[in-house]
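Below, chains carry the letters A, B, ... as their sequence lines are ordered, and counting in each starts from 1.
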Amino acid sequence: MPELPEVEMVRRGLDAHILDRTIEQVRIFDERALKRHPYGPRDLEARLRGLKVVAVDRRGKFLWISAGSPSSSGESVVEEQLMVHLGMSGQMLIATDGGDDRSQQQPGAALHRHTRISAYLDDGLRLDFVDQRLFGGWSLSEGEVEAHGRLVPREMAHIAADPFEAVFDAGAVARRMKRSRAAVKSLLLQQGLVSGIGNIYADEALWRMKINGAREGASIPVTKLTGLLNASREVMTDALAEGGTSFDSLYRHVNGESGYFARSLQAYGRTGEPCSRCGTLLVKEQFMNRSSHFCPRCQRRR
DNA sequence: AGGGTAACCTGTATGC
DNA sequence: TGCATACAGGTTACCC
């Protein structure tokens, strides 16, 4: 479910809540949340126990939490990197003392029905990984590697830079897209080409640029492909300013709050409503095993 | 080699 | 009410 803006909201929330906290214990309630961690739950629990959170990073839709134990100089040397992917329905929820906000979980409160993992931090803070569909999960990295201008856990070396990164080169990515006969929408969704874009923001960027997503990449001028990538960055920037897109309780920030960009969507989920540019009724078509929402007049196939 | 498809999951909405 | 089907924000392994 979550795309770059939603994952970035989660990253910011984690940064605010768990930085400098010590992981006292990790409990795994459903091992299917560790599909990408081949060493099992005991290994993950043992390796994280006692480490302090040093940084929370993100590339595209991938998050990673760096943690270490304090050295003699007082600074923590990173010993482990906990990679987190939210999949379609994953959430990272902080259980705090709540204050006046009843939407927040209480520390002793019953776990959410789909809590798969809990990390118990110092000061009674708890971090829950909640994931209805189990397409997401936690795993520990086996080391860092340089990829696309940055040190990242080696397991995500195949993930390209996202449009928010300084090294992201829209023109270079556009030239690669130009060489492909695949549908331009599928190219936008290929995380090895440009990361962070999902079904919602692909449809929104295509609507902004008046491009039909079924068109071959090779049929579109490079300048227009560059514009499409820039539009993707812009729509995700706009979404981030609204706290991301949230249709239901499956997407929430770490404190349980929702984002409000759903009200600003122009194409996604607006089937049958008039296009805000031309008034033509928006349509939904199945292709690439997913739904695509677009204006049949602004976004013609040719 | 690139590109399309099935599989991984649970829940909700809809239609008969 | 019961049951079947379709669909949901993602990624990957495996075909051709």
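- Of the charged side-chain nitrogens involved, none lies within less than 4.0 Å of a carboxylate oxygen, so that A:Arg176 and A:Asp169 do not count as a salt-bridged pair.
- Phosphate contact (OP1/OP2 of B:dG11, side-chain N/O of A:Arg113, threshold under 4.0 Å): present.
- Under 4.0 angstrom from either OP1 or OP2 of C:dG9 there lies at least one side-chain N or O belonging to A:Asn199.
- Annotation for A:Lys210: atom NZ does not count as buried by contact number, only 12 or fewer foreign heavy atoms lying within 6.0 Å.
- For A:Ser118, the side-chain hydrogen bond (donor to acceptor under 3.5 Å, both in side chains) partners at least two apart in sequence or on another chain are A:Asp128.
- When heavy atoms are screened at a 4.0 angstrom cut-off, A:Arg36 is found touching the sugar-phosphate backbone but no base atom.
- Closest contact between the side chain of A:Ser180 and the listed nucleotides B:dG3, B:dT10, B:dC8 involves B:dG3.
- Taking atom P on both B:dA7 and C:dT5, the two are 16 Å apart, rounded to the nearest angstrom.
- In this structure, CD of A:Gln286 is placed 17 Å from P of C:dT5, rounded to the nearest angstrom.
- Judged by ring centres under 5.5 Å apart and planes tilted less than 30 degrees, A:Phe135 fails to stack against the six-membered base ring of C:dT11.
- Listed nucleotides B:dT5, B:dC9, B:dG3 differ in distance to A:Asn289; the shortest reach to its side chain belongs to B:dT5.
- The side-chain heavy atoms of A:Arg36 and A:Glu155, taken from C-beta on, include no pair separated by under 4.5 Å.
- Here the side chains of A:Glu45 and A:Ile28 are in contact, with some heavy-atom distance below 4.5 Å.
- B:dG11 sits 22 Å from C:dT11 when the P atoms are compared, rounded to a whole Å.
- Counting non-hydrogen atoms under 4.0 angstrom, A:Thr245 reaches a base of the nucleic acid.
- At C:dG10, one or more side-chain N or O atoms of A:Arg290 fall inside 4.0 Å of OP1 or OP2 (strictly under the cut-off).
- Between A:Gln191 and A:Gln132, the residue anchored nearer the 5' end of DNA chain C, judged by the nucleotide with its closest heavy atom, is A:Gln132.
- Separating the P atom of C:dA6 from that of B:dA6 is a span of 14 Å, rounded to the nearest Å.
- Between A:Arg32 and B:dT10, a side-chain N or O to OP1/OP2 separation shorter than 4.0 Å is present.
- Contact between the side-chain N/O atoms of A:His114 and the OP1/OP2 oxygens of B:dG11 is found at a separation under 4.0 Å.
- The side chain of A:Lys35 places no N or O atom within less than 4.0 Å of a non-bridging phosphate oxygen (OP1 or OP2) of B:dC8.
- C:dG9 is unpaired under the criterion used here, namely a Watson-Crick or G-U wobble arrangement in which both key atom distances are under 3.5 Å.
- The pairing partner recorded for B:dC9 is none, the criterion being a Watson-Crick or G-U wobble arrangement whose two distances lie under 3.5 angstrom.
- Minimum atom distance to the side chain of A:His85 is reached by C:dG10, of the listed B:dC8, C:dG9, C:dG10.
- Across all strands shown, A:Tyr201 has no heavy atoms under 4.0 Å from either base or sugar-phosphate atoms.
- As rounded to whole Å, 13 Å separates atom P of C:dG9 from atom CD of A:Glu204.
- A:Leu4 and A:Tyr251 fall within the same hydrophobic cluster, defined by Ile, Leu, Val, Met, Phe, Trp and Tyr side-chain heavy atoms under 4.5 Å apart, directly or through other members.
- When the side-chain nitrogen and oxygen atoms of A:Ser89 are compared with OP1 and OP2 of C:dG10, none of them lie within a distance under 4.0 Å.
- Comparing atom distances between the A:Phe62 side chain and each of C:dG10, C:dG9, C:dT12 picks out C:dT12 as nearest.
- Residue A:Ser291 has its side chain nearest to C:dA8 when only C:dG9, B:dG11, C:dA8 are considered.
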